[in-house]
Structures are given as structure tokens and as C-alpha cells.
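Since we're looking at a predicted model, the values are computed, not measured. Letters go in sequence order (proteins before strands), and every chain restarts at 1.
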Amino acid sequence: MSDLVRDVRVRFAPSPTGPLHIGGVRTALYNYLFARKMGGKMLLRIEDTDQNRFVPGAEAYIIEALNWVGIQIDEGQTANGPSGPDAPYRQSERRDIYQREALRLVEEGKAYYAFDTADELDAMRKRLEEANAPAAQYNAITRMQMRNALTMSAADVKARIDGGEPHVIRLKTPRKEEVRLNDIVRGWVNVHSSAIDDKVLLKSDGLPTYHLANVVDDHLMNISHVIRGEEWLPSAPLHVLLYRYLGWEATMPQFAHLPLLLKPEGNGKLSKRDADLGGFPIFPLQWTDPFSGTVARGFREDGYLPEALVNFLSLLGWNPGTEQELFSMNELIEAFDLEKIHKGGARFDIEKARWFNHQYLRQRSNAELAPAVQVQAQAAGLDCSPEKAEQVVALLKERVNFAHDIFPEAHTIFYAPEAYDETIRAAKWNDDARRAVTVFRDALLTYNGPFEADAIKHLLSDTLMQAGIKQGKVMQAMRLALTGSGVGPDLMLTMQIVGKEGVVARLENALDKL
RNA sequence: GGCCGAUUCGUCUAGCGGUUAGGACAUCGCCCUUUCACGGCGGUAACACGGGUUCGAUUCCCGUAUCGGUCACCA
């Protein structure tokens with residue numbers, strides 16, 4: 001580790017093989033929080049070195065998803081193309097660079113050409129397994145039985161390459177060497193080089209594998225910290241070795257391997273299947289698979305607010321050590337600290353995400369939420385003014401977790417009751433109740449004041465008092481008459497929104513049917 | 001299986017040798033309220049196990065168990 005003060009530069013480097021997994025979103029978030037906290041830069045690099053797994057639309061999806069959650073990219077691939085001094089940012093467009101470095105390793109004797117076919121590799125692994133070898137790998141021992149530059153003459157190798165025979169470049173992993181790595185999250189990790197095999201660096205299609213590409217790019221892009229998922233921990237020592245062989249160890253980035261997101265229950269890491277089973281999303285945005293047409297739900301489409309998702313995700317694997325639970329993005333940036341990232345995996349509990357959504361939903365203004373109600377009302381063929389929508393929001397937003405739950409919750413406002421709750425009717429509908437509804441209706445008929453909750457409340461209590469009826473005894477019945485239900489939001493406000501004519505009509509209908 | 005890593009309430013977590021082991025979600029109860037919800041208050045609930053080290057271990061070390069990751073010309 002260097003004591004040199006180095007500009008913080010981090011990258012999020014997803015592979016465009018489909019929609020971004022929620023764990024990837026968290027990785028991106030942690031990178032972003034750290035970059036902002038340190039006054040550094042956040043890069044987005046597209047790791048598309050596997051042509052077979054390329055999925056159209058995936059890159060655009062990733063960019064849109066990051067944008068939606070509020071992660072700003074300083075350099076890298078954007079919706080408008082590459083932006084920054086190290087372009088291009090798609091690895092498929094940087095193949096010359098990787099080839100150059102791979103060749104350099106070959107020339108320096110740190111890597112070598114290999115010509116083994118897939119079948120030959122399979123046979124080798126099978127043989128080793130049957131021989132009960134601890135691990136079936138292509139390494140310092142087995143490579144001498146394979147078809148590569150170490151077992152062939154230079155002339156033979158050259159002839160094969162010149163003749164166009166498919167070949168890869170493999171790392172010549174040292175036989176005995178302790179590789180150490182000081183991970184910010186996990187501390188020192190030691191791995192013996194015998195556990196690292198002769199990984200393919202450059203594939204036969206001329207593109208690099210992840211290992212080569214990420215090391216080369218992180219170096220060239222001056223990445224100071226590699227913050228990535230724990231699934232990379234086992235290959236981190238290999239990357240250290242690569243930095244060393246490429247002569248870049250002095251400026252090697254620091255590593256921080258993040259704990260995984262686990263299934264809500266049971267064993268294993270969080271998968272799409274868990275999401276489907278649990279009825280919740282696992283992708284930030286809805287995704288339509290371009291091949292099958294299958295649609296996967298997204299947090300955004302499911303009604304989650306981006307700030308809620310961010311807050312929820314931020315606390316899955318990290319905690320500032322205070323008892324604060326609600327954090328804006330800026331507060332997260334302020335509080336974020338790589339040292340406080342946990343080591344253990346975190347189970348994904350959607351209940352908590354819902355609670356966060358509730359918290360942020362209630363912070364949104366009525367005007368912001370009103371359109372959601374209007375759209376649903378109109379879709380249901382109802383007339384709903386912006387003013388009415390706002391009133392409905394004001395009345396109900398604290399009762400729900402999602403904006404789209406407001407309209408259904410407002411059912412008793414938009415629709416006069418067609419049926420009445422039988423239990424409440426049996427318990428509360430009596431002579432006093434009928435009389436209360438009658439006198440209130442009569443009072444309403446002659447009432448000319450403003451039809452607002454406060455005024456309605458006074459009118460109601462005055463009327464009931466004059467009729468000698470105890471208000472508490474009949475309110476439940478009044479609610480039944482007005483809404484058909486025994487439960488619901490504030491009745492006076494409900495009446496205000498329904499309007500005087502509507503209220504009178506409902507009362508008369510109740511008198512008729514109850 | 002080899003290698004690497006992890007292990008505090010059901011869940012997310014605080015804790016970095018001495019605490020009545022704290023908070024949040026969920027759950028239960030009470031209060032508020034004409035009802036439900038929100039909100040407020042309170043309750044139930046955890047240091048995986050076994051050895052050490054120490055005056056003293058949730059905390060440090062070693063085992064065991066369990067879980068996870070990884071062992072591709074995928075990332």
C-alpha cells in the first residue's frame with residue numbers, strides 16, 4: 001500500500017448480459033458513495049468481452065437504471081456514448097490494448113500460447129479427477145502434458161500461429177509463491193499460487209477474459225479502489241499476480257470485496273427465482289427479454305421510490321454505526337465509510353424495503369403524488385380533478401406503502417356503497433343510527449355553508465346533540481351508511497371530498513337499503 | 001472435494017475485553033382515534049458449539065459445525 005495521496009477513481013464494470021441485478025445496483029451505489037465521499041470520480045465501464053452472452057439493450061438498461069437510482073457517472077459509457085479521457089469504455093472496443101499487454105507477457109516469459117481444444121481440456125480434467133487430484137487445473141504441473149508453447153518447439157508454435165490454428169494465451173502461474181492481498185473489508189488474504197491455475201488471459205477469439213481486461217483497464221484508467229462483489233475474492237490473488245507481472249504493482253488499486261445479498265429464507269444467494277416466489281422485484285427496472293419476450297418486474301414499475309431503494313440497499317452490508325435509519329443520498333455520502341462494510345452476507349428482506357418506501361412516500365408532496373391517483377381514476381373511467389386527487393392523496397398517503405395503493409384505498413370515496421358490511425350492520429345499525437342518519441341528511445339539505453371537514457363536523461355534532469343522540473354511539477353506523485364499510489380514513493374529510501350532493505345521496509340510499 | 005470467506009434477536013444491524021448486549025423491520029400489547037391505518041409507548045426475541053488466552057470474553061486465538069463464494073476460452 002502506498003502512502004501517496006492518490007485521486008480516488010472507482011469504476012462500476014457490469015457485463016451487458018441482461019438486466020442489472022439488485023446486488024449490482026448496490027455495488028454501483030457503494031462505488032458511487034465512496035467516490036463522492038472522497039471527492040473522486042465514478043466511472044462506468046462495459047465489460048462485454050463475451051460475445052456469446054451479449055444481450056441487446058442491456059447496456060442501455062444499465063445506464064438508465066443507474067440514472068434512475070441517482071448514481072451519476074463522471075466518466076465512461078453514457079446514454080450519449082463514451083465520455084472521458086480513457087475512452088473507449090466498452091472492452092470490446094479495446095481489444096488491441098489487451099492483445100498488446102498479453103503479447104508483452106508472452107515475450108517476457110510470464111504467459112504462453114496454448115493450443116488445447118475444449119475436448120482436450122475436458123479429457124485432462126476428467127483424468128485428474130479420476131486420479132483423485134485435489135483440483136483439476138491447468139497449472140505448473142499439468143501444463144507440461146498439454147499442447148502449448150512450453151511443450152513445443154518455438155518453430156512449431158510459430159507455424160501453428162501463422163497457420164491460423166486457434167490458440168489462447170495463458171498466464172504462467174508460478175509453482176510456489178504466496179500471494180498476499182490486503183482487502184479493505186476483509187484484511188489480509190493469503191493464497192498460495194498453486195491454487196491459482198494458468199488462467200486464460202486472451203481467448204481464441206482475440207478478446208481478453210475478465211481477469212486480463214479488468215487489470216489492464218483498471219491500471220490504464222487509474223482506478224484507485226476496486227469495489228466489487230465477494231464472488232471475485234477467489235480470483236483477486238490472480239489479479240495481484242497480473243499487476244505484478246505487468247509491472248504495475250506499485251500503483252495497484254486497493255480492493256474491497258462486498259458481502260453478497262442472500263435469499264430471504266433458505267440457503268444461497270439471492271436469485272430471480274426468490275423474487276418471483278416472494279412476489280417482489282430483483283431488478284431496478286422492468287426488463288423485457290429480447291429473445292423470449294419474458295417480462296421481469298422492476299422496482300421502479302412496482303412503485304418503489306428510488307430514494308427508498310437506495311436507502312434500503314445502502315444498509316444491506318454497511319452501517320455507519322449510528323442509529324440513524326433514514327438517509328438521503330447526500331447523507332449517505334457524508335456517512336459512508338468502506339471500513340464499516342460488513343463481512344457477512346445479508347438476507348434480502350423486502351418488508352424493510354416496503355417500510356422505507358412508506359417513509360419516503362409520506363415525504364412526497366400531495367401534488368407530486370396526485371397524478372398517480374388521477375391516472376388510475378381515469379383508467380377506471382372516473383372523473384378526477386387534480387384538486388380532488390390531491391385531497392385524496394392528503395387523506396390516504398400515510399396509510400399506504402406505494403403511490404399506486406392510494407387509489408384502491410380511496411375506493412369508498414370514488415364509489416358510493418353498493419353493499420354494506422354485514423357485521424357492522426348487525427352490531428351498529430339500530431333505531432338511533434337510523435334517526436342520526438335521517439336528521440343529518442335533513443340538516444345537510446338546508447345547510448348552505450362551506451362543505452369542509454371542520455364545518456361538517458360541527459354541523460354533525462350540533463345536529464346530533466339537538467336530536468338527543470350520543471355521537472359516539474352512531475358514528476360507526478354513519479360510516480357504514482356513507483361508505484358501506486366499518487373502517488376507513490377520517491370520515492369528515494371523506495365527506496368533504498365526496499361533496500355535499502354525494503353525501504346526501506349516500507345517506508338516502510342507506511336509509512333505503514339498510 | 002480443494003481453496004477462500006462468513007457466523008449478535010425471525011430479518012437488517014450497533015458492539016471493536018468489563019454493557020441491564022443498543023436501534024430498526026416484522027410480531028404482540030397498550031395509548032391516541034367515531035373505525036382502520038398512521039403515530040406514540042411498551043413487550044417477546046440474539047452473541048452457532050467446544051476449547052484456550054485473560055481477573056474477566058459477544059469481543060482475541062485454535063478447533064468443530066453450519067452457511068456462502070469459487071474452482072470455464074462467463075463475468
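The phosphate of B:U35 (OP1 or OP2) has no side-chain N or O of A:Lys473 nearer than 4.0 angstrom. OP1 and OP2 of B:C71 both lie 4.0 Å or more from every side-chain N or O belonging to A:Lys199. Here A:Arg125 reaches the OP1 or OP2 of B:A72: one of its side-chain N or O atoms lies under 4.0 Å away. A sub-4.0 Å separation between OP1 or OP2 of B:U13 and a side-chain N or O of A:His342 is present. For A:Arg170 and B:C73, the shortest distance from a side-chain N or O to OP1 or OP2 is below 4.0 Å.
By the 4.5 Å heavy-atom criterion applied to side chains, A:His257 and A:Arg228 are counted as neighbours. With contacts defined as side-chain heavy-atom distances shorter than 4.5 Å, the pair A:Tyr113/A:Ile169 qualifies. Between A:Pro259 and A:Ile341, some side-chain heavy-atom pair lies under the 4.5 Å cut-off. Counting heavy atoms from C-beta on, the side chains of A:Leu313 and A:Val25 come closer than 4.5 Å. Under the 4.5 Å side-chain criterion, counting only non-hydrogen atoms from C-beta, A:Leu460 is in contact with A:Met478.
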(Q) Could you walk me through whether A:Phe402 and A:Tyr304 satisfy the ring pair (Phe, Tyr, Trp, His ring centres under 6.0 Å) test, starting with their C-alpha distance in whole Å, then the side-chain angles of each, then the deciding distance to 0.1 Å, before giving a yes or no? (A) CA-CA 7 Å; A:Phe402 299 97; A:Tyr304 286 87; 4.8 Å; yes
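Of the candidate nucleotides B:A26, B:U13, B:G5, B:G5 has the atom lying nearest to any side-chain atom of A:Leu233. Nearest to the side chain of A:Ser204, among B:C74, B:G68, B:C73, sits B:C73. Checked against B:A75, B:C25, B:G68, the side chain of A:His211 finds its nearest nucleotide in B:A75. Closest contact between the side chain of A:Ser15 and the listed nucleotides B:C38, B:U70, B:A75 involves B:A75. Minimum atom distance to the side chain of A:His358 is reached by B:G39, of the listed B:G39, B:C3, B:G69. The side chain of A:Glu398 approaches B:C38 more closely than any other nucleotide in the set B:G15, B:G5, B:C38.
In this structure, A:Glu307 pairs ionically with A:Arg364, as a charged nitrogen and a carboxylate oxygen lie closer than 4.0 Å.
Among the atoms of the strands shown, base atoms are found under 4.0 Å from some heavy atom of A:Leu491. Counting non-hydrogen atoms under 4.0 angstrom, A:Val168 reaches a base of the nucleic acid. Residue A:Asn214 is classed as having no contact, given no heavy-atom separation below 4.0 Å to the nucleic acid. Residue A:Arg186 is in sugar-phosphate contact alone, with no base atom involved, counting any heavy-atom pair closer than 4.0 Å across all strands shown. Within 4.0 Å (heavy atoms only), A:Pro489 reaches at least one base atom of the nucleic acid. A:Ser485 comes within contact range of no nucleotide atom at all, as no heavy-atom separation falls under 4.0 Å. Within 4.0 Å (heavy atoms only), A:Gly488 reaches at least one base atom of the nucleic acid. Using a 4.0 Å heavy-atom distance criterion, A:Gly268 is classed as a sugar-phosphate-only contact. Within the 4.0 angstrom heavy-atom criterion, base atoms lie near A:Val487. Residue A:Glu325 is classed as a base contact, given a heavy-atom separation below 4.0 Å to a base. When heavy atoms are screened at a 4.0 angstrom cut-off, A:Pro16 is found touching no nucleic acid atom at all.
Residue A:His257 contributes atom NE2, which lies 15 Å from atom C1' of B:C3 at whole-angstrom precision. One interatomic measurement links the two molecules: CD of A:Gln91 to P of B:C74, which rounds to 13 Å at whole-angstrom precision. One atom, CD of A:Gln476, and another, P of B:U35, lie 8 Å apart when rounded to the nearest Å. A:Asn319 has its CG atom 16 Å from the P atom of B:G22, to the nearest Å. As a whole-Å value, the separation of A:Glu339 CD from B:C16 P is 16 Å. Taking atom CG on A:Leu201 and atom P on B:A75, their separation rounds to 12 Å, with Å as the unit. Atom-to-atom, CZ of A:Phe255 to P of B:C4 comes out at 18 Å; the value is rounded to the nearest Å. The separation between A:Asp490 atom CG and B:C32 atom P is 17 Å, rounded to whole Å.
Side-chain atoms of A:Arg347 and base atoms of B:U11 include no donor and acceptor less than 3.5 Å apart. For B:C73, its base never sits under 3.5 Å from the side chain of A:Thr209 at any donor and acceptor pair.
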Within the sub-3.5 Å range, which N or O atoms of nucleotides 59-63 of chain B have a protein N or O partner, and how far apart are they?
none

Protein-nucleotides 47-50 of chain B N/O pairs closer than 3.5 Å?
none

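Under the Watson-Crick or G-U wobble criterion, with both distances below 3.5 Å, B:U44 is left unpaired in every strand shown. The nucleotide B:C25 finds its pairing partner in B:G10, both defining distances of the Watson-Crick or G-U wobble pair being shorter than 3.5 Å.
Judged by the 6.0 Å distance and 45° axis criteria, A:Arg26 is positioned over the aromatic ring of A:Tyr30.
Here the separation of B:C62 from B:G43, taken at their P atoms, is 39 Å to the nearest Å. Comparing B:U54 with B:U44, their C1' atoms are spaced 35 Å from each other, to the whole Å. Using P as the reference atom, B:G10 and B:A45 are 11 Å apart when rounded to the nearest Å.
Relative ring orientation between A:Phe348 and A:Phe299 is described as perpendicular, the plane-to-plane angle rising above 60° on a 0-90° scale split at 30° and 60°. By the 30° and 60° cut-offs, the orientation of the rings of A:His21 relative to A:Phe283 is perpendicular. Ring orientation note: the planes of A:His239 and A:His211 are tilted relative to one another, at an angle of 30° to 60°. Taking the six-membered ring where the residue is Trp, A:Tyr243 and A:Phe255 present perpendicular rings, their angle passing 60° and hence far from 30°.
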